[in-house]
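A short write-up of the structure that comes next.
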Amino acid sequence: MKKLLLSLSIAFLGLAAQAQDFKPVKGDVTTEFGLTGGINTTNFNLNEGAGLLRFRYFQKDNLAYRLGFNVGSQNETNNAYGAVGTPNEGKEGSSTRKVTQFLINLGVEKHFTGTERLSPYVGGDILFGAGTTKTSFENATGSANNPVYAENTSSEVKGPGYTSVGLRGVIGADYYIAKRLYLGVEAGFGFNYESAGKTTSTTTINGTTTTVKTKSAGNSFEINPSVITGVRVGFAF
């Protein structure tokens, strides 16, 4: 009887230890990405649309520091051709538009007891962002999306770029579907201040160059709720 009770006690303690292994503990790090789209159109994307990759460091079993960052880049080129029946027929020009964006967030999370697998939390983030834009034309003019051929005409427009800073409160939960592997949801509410940068335009026509500088177009201030990706998938290591 004593051996049986001892065996049951050891088995119970083993199950309890396994249950505790589902969630991260002090010193663990987690990383995650998000799922977007519908049931038949699910895409694997990093969080926050433009590609936020997030890490968390558990300073305590119930306290984690957050770090997220994103670098996004877009490069689009459109061609323009001389009109048929003109001296420029067959000649080629182009427009190129380059956009770069950077975002980083630093934050903290307070986790609550929940259940063996469920870990609800509240937290907050400080967000910093910046972006640049450059549009150039070579033997072309007009808009970047629909350039028109123009011989011996080139130009470059740098800006407007932007910088932004914000604060956001969040509430969310992680559910551990397996040991150290979780699904999560998160929503936030905060504000963001964005300031536009200067614009410099340089145009060269038949060897003559003109430069025009334009001051900042202003700034914007937003307060709004947000859902940080539909479902997050992450793991602890």
Does a side-chain heavy-atom distance below 4.5 Å link [X] with [Y]?
| X | Y | value |
| --- | --- | --- |
| E194 | Y162 | yes |
| L106 | D125 | no |
| V233 | L183 | yes |

Y182 versus E32, side-chain donor and acceptor atoms under 3.5 Å: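 E32 vs Y182: donor-acceptor pair found between side chains.
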Residue pair T209 / T204, side-chain donor-acceptor N/O under 3.5 Å: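 Note: T209 and T204 side chains meet the donor-acceptor criterion.
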Within 45° cone and under 6.0 Å: R117 NZ/CZ vs F22 ring: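 Verdict for F22: a cation-pi partner in R117.
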Fellow cluster residues of V212, listed by chain then number, with links counted only when side-chain atoms sit under 4.5 Å apart: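 Members besides V212: none; it forms no cluster.
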Ring center gap for F235 and F237 short of 6.0 angstrom: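 Between F235 and F237, the centre distance is under 6.0 Å.
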Which atom of T203 lies closest to which atom of S155, heavy atoms considered: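 Between these two residues, the closest heavy atoms are OG1-CB, 3.8 Å.
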R180 atom CZ, neighbour heavy-atom count above 12 within 6.0 Å: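 Yes, enclosed.
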Qualifying ring-ring contact (aromatic ring centres under 6.0 Å, His included) pairs, either residue in residues 119-148, two or more places apart: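 Sorted result for residues 119-148: H111-Y121.
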If you measure from the Lys or Arg side-chain nitrogens to the Asp or Glu carboxylate oxygens, is any gap between [X] and [Y] under 4.0 Å?
| X | Y | result |
| --- | --- | --- |
| K23 | D174 | no |
| R66 | E186 | yes |
| D61 | K26 | no |

All pairs passing salt bridge (charged side-chain N to carboxylate O under 4.0 Å, His left out) where residues 137-150 contributes a residue, at least two apart: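 Sorted pair list comes back empty.
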Candidate pair L63 and V108, rule side chain to side chain contact (heavy atoms under 4.5 Å, CB included), full reasoning: CA-CA 7 Å; L63 182 68; V108 63; 3.7 Å; yes
